[in-house]
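Here the structure is a predicted model, which is why all the values come from computation and not from measurement.
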Amino acid sequence: MDISFAILEILLSVFLFFMSVRLKKYPTPKGRVLYFVPVAVALIMLGFVGFNLIMAGLYLASSLLCLSLFTEKINVRRGIALAAFLLSLSSLLMMKFSKNYKRYSISEDFENVYNTMKEHYVLSEEKGIDFDGLYLKYQPLFKEADKKQDLTLNYQLWQQFSQEFYDGHVGYAPGNMKDKEVSRIICESYGNDYGLSIIKLSSGEFVAVNVEGSKASYSIKSLEEGNYLEDEEIKLFKDARLEFKTKNSDNDRLSLLNAGIKNGTVITKWNGKNIEDYYDDIKYYFFQVPVDENEEFYKPMYVAGMGGDSVEISFIDEEGKEKTVTVNKLGAYAPRLYNTLMTIDKGLKINNLGWEALNEETVVLRIYQMAYDMKSYTGTDYSEMTDKLRSELLAYKDAGYKNIIIDLRSNTGGSPFMVRGVACLFAPEGKHLAYYSAKINENTATYERGEDGRYIIGEEAVSYEGEDLWHDGNITLLVNAQTVSAGDDMVYMMGEYPNVKIKGITKSNNSCQAVQAMDISTGSFSFSVVPNLTPEGDIAIDTLKDHKARVDFDEYIPVTKEMVKAIFDEGEDYILQQVD
């Protein structure tokens with residue numbers, strides 16, 4: 001938009017240069033009004049995109065053209081128009097090539113995403129999405145972010161907008177900017193780090209986790225200390241995390257431990273209020289959480305970033321007495337929050353499709369993404385992978401193993417054909433159908449609904465033949481709220497097998513319609529575009545208006561103090577150890 005205004009000012013300067021003769025020859029009040037048009041354009045520009053010093057030439061050029069009202073000399077008027085042209089051109093060149101200037105189309109991005117989703121988002125009816133209401137709510141906010149070029153507000157608005165859909169496939173990924181800028185935006189969006197995160201135990205108590213200074217917990221001191229070793233974490237926060245550290249953070253970092261707050265310490269109040277009292281202040285999450293039960297699990301983690309330069313934390317000491325301590329912020333909370341999420345939700349750290357014996361009777365198959373190799377990922381043939389897994393599976397069976405844990409924690413998804421290539425080995429013998437596609441209208445490029453509002457079933461889904469190779473053994477799918485997309489697909493399919501149980505501290509994400517990403521000026525935005533249907537014609541997998549899980553789940557693994565201490569003090573995979 002800023003470039004368009006600059007070009008318009010340039011064209012007006014050229015127009016008034018050539019009109020100077022005609023305006024001299026045929027002077028009229030209406031003709032004199034033409035010299036006010038550039039000023040009007042500049043004022044409109046200020047209203048839409050705000051003031052920026054690099055645009056000073058445009059403001060000066062529009063004001064300069066008004067001087068032509070005070071002279072009748074053609075050469076003077078042309079000189080003024082030429083000067084205005086050069087000033088406008090200089091501003092345009094500075095906007096185009098200056099390293100210190102870049103204007104993002106934030107408002108236009110929202111319009112494009114909104115209009116595209118309104119036409120092509122496939123779960124609008126099922127999730128009860130009020131697109132008109134969302135537009136009225138968010139359009140003014142994105143317009144304000146555009147005017148200010150506030151990239152942090154832009155990120156927060158996209159996260160908040162995404163959360164409205166309760167769909168793991170609806171989400172914003174910041175990009176098209178320097179890594180340091182992305183890191184800064186995220187650090188500014190999740191509050192302050194006071195040296196801990198908080199989770200809710202199955203007993204209902206809130207406890208401290210990932211406490212600064214503890215053996216296996218995140219540390220602000222360096223990238224190498226604590227469990228802050230994940231490549232993605234380092235890439236995401238290596239620039240800004242140090243920038244946000246307070247001057248006294250190294251002196252303040254052990255305040256919690258010195259006061260008696262450790263991993264597993266019960267937290268009773270946060271700045272004098274119950275933890276739940278802050279839930280309504282949480283407007284968005286780091287990743288989308290469609291299932292209401294999962295959402296409740298993650299909320300306390302976000303509360304731990306709320307506060308000012310310091311907070312009062314009330315807790316139960318080792319003698320069972322309630323105490324309150326005031327602690328100063330150490331920096332940005334986002335790195336500790338992200339580390340807490342990843343530490344709790346990470347799966348077994350071995351190669352994708354790798355095996356590891358847990359004990360003499362149980363072996364673990366780790367699947368963290370539904371991809372085998374590039375050749376198969378771009379097609380439908382996973383026979384090479386299936387043959388390899390079959391051989392490995394039978395070898396473990398011959399060796400006397402009775403239990404298999406398929407570790408799907410934080411499975412980011414991928415190809416549904418790979419899912420079938422794995423599931424067929426465990427499925428009961430016979431033909432199995434995953435789900436159907438909906439009928440598409442070729443003229444409108446949209447999926448057709450019947451008179452009852454439900455999608456019309458299209459062609460039959462791809463089927464697979466079950467081999468039932470683990471018929472006499474037990475299978476456990478270990479999941480969490482970050483088991484999404486094709487990961488959800490595997491849970492959906494295998495959950496119906498008679499010897500399969502699904503466990504985790506949270507349910508799977510419950511999002512599995514096909515997804516599409518669209519590029520926008522500040523990154524990319526994705527959403528569900530292809531509906532997957534059950535044989536009865538219902539939407540498969542995804543949550544509906546009630547935000548309840550619809551994928552099978554059998555047993556919660558209790559969240560206990562023992563779990564907290566094992567994970568954040570000893571660095572153990574306690575969750576995996578609890579699967580029988």
Over all atoms of both residues, closest heavy-atom pair of [X] and [Y]:
{"X": "Ser485", "Y": "Gly413", "result": "CB-CA, 4.0 Å"}
{"X": "Ala566", "Y": "Tyr574", "result": "CB-CD1, 3.6 Å"}
{"X": "Arg336", "Y": "Val211", "result": "NH1-C, 4.2 Å"}
{"X": "Leu533", "Y": "Tyr455", "result": "CD1-CB, 3.9 Å"}
{"X": "Pro531", "Y": "Val122", "result": "CD-CG1, 3.7 Å"}

To the nearest 0.5 Å, how far apart are [atom1] in [X] and [atom2] in [Y]?
{"X": "Lys148", "Y": "Asn154", "atom1": "NZ", "atom2": "CG", "result": "13.0 Å"}
{"X": "Asn509", "Y": "Asp542", "atom1": "CG", "atom2": "CG", "result": "8.5 Å"}
{"X": "Cys512", "Y": "His169", "atom1": "SG", "atom2": "NE2", "result": "6.0 Å"}
{"X": "Leu141", "Y": "Gln160", "atom1": "CG", "atom2": "CD", "result": "7.5 Å"}
{"X": "Tyr121", "Y": "Ile129", "atom1": "OH", "atom2": "CD1", "result": "5.5 Å"}
{"X": "Leu478", "Y": "Asp407", "atom1": "CG", "atom2": "CG", "result": "5.0 Å"}

- Does NZ or CZ of Lys127 fall inside the cone over Phe165's six-membered ring, less than 6.0 Å from its centre and within 45° of the axis? no
Is there a donor-acceptor pair under 3.5 Å between the side chain of [X] and the backbone N or O of [Y]?
{"X": "Ser202", "Y": "Val559", "value": "yes"}
{"X": "Ser197", "Y": "Leu337", "value": "no"}
{"X": "Asn294", "Y": "Val289", "value": "no"}
{"X": "Gln513", "Y": "Ala540", "value": "yes"}
{"X": "Trp270", "Y": "Met306", "value": "yes"}
{"X": "Asn441", "Y": "Thr444", "value": "yes"}

N-O pairing of [X] and [Y] below 4.0 Å:
{"X": "Asp573", "Y": "Lys346", "answer": "no"}
{"X": "Arg449", "Y": "Glu125", "answer": "no"}
{"X": "Asp381", "Y": "Lys375", "answer": "no"}
{"X": "Asp292", "Y": "Lys548", "answer": "yes"}
{"X": "Glu144", "Y": "Lys147", "answer": "no"}

- Query: When you look at Ser162 and Phe525, which way does the side-chain contact (heavy atoms from CB on, under 4.5 Å) test go after all the steps?
  - Reply: CA-CA 9 Å; Ser162 300; Phe525 195 86; 3.4 Å; yes
Assess, by modelled atom type and distance only, whether the side chains of [X] and [Y] contain a donor and an acceptor separated by less than 3.5 Å.
{"X": "Tyr155", "Y": "Glu188", "value": "no"}
{"X": "Thr543", "Y": "Asn510", "value": "no"}
{"X": "Gln369", "Y": "Tyr377", "value": "no"}
{"X": "Tyr497", "Y": "Asp552", "value": "no"}
{"X": "Asp345", "Y": "Ser410", "value": "no"}
{"X": "Ser415", "Y": "Tyr372", "value": "no"}
{"X": "Glu111", "Y": "Tyr135", "value": "yes"}

- Message: When you compare the side chain of Gln288 with that of Val170, does any pair of heavy atoms fall below 4.5 Å?
- Response: no
- Side chain proximity check, Val422 to Met385, heavy atoms < 4.5 angstrom: yes
- Message: Walk me through whether Tyr382 and Phe417 qualify under ring pair (Phe, Tyr, Trp, His ring centres under 6.0 Å).
- Response: CA-CA 7 Å; Tyr382 279 82; Phe417 297 102; 7.4 Å; no
- Message: Given Tyr190, which partner from the list Tyr284, Phe244, Tyr338, Tyr333 fulfils the ring pair (Phe, Tyr, Trp, His ring centres under 6.0 Å) test?
- Response: Tyr284
- How are the rings of Tyr114 and Phe131 set relative to one another: parallel (under 30°), tilted (30 to 60°) or perpendicular (over 60°)? perpendicular
- Query: Would the Trp158 and Phe142 ring centres measure less than 6.0 Å apart?
  - Reply: yes
- Before giving the answer on side-chain contact (heavy atoms from CB on, under 4.5 Å), spell out for Asp193 and Tyr218 the whole-Å C-alpha distance, their side-chain angles and the decisive distance to 0.1 Å. CA-CA 11 Å; Asp193 180 16; Tyr218 166 79; 4.2 Å; yes
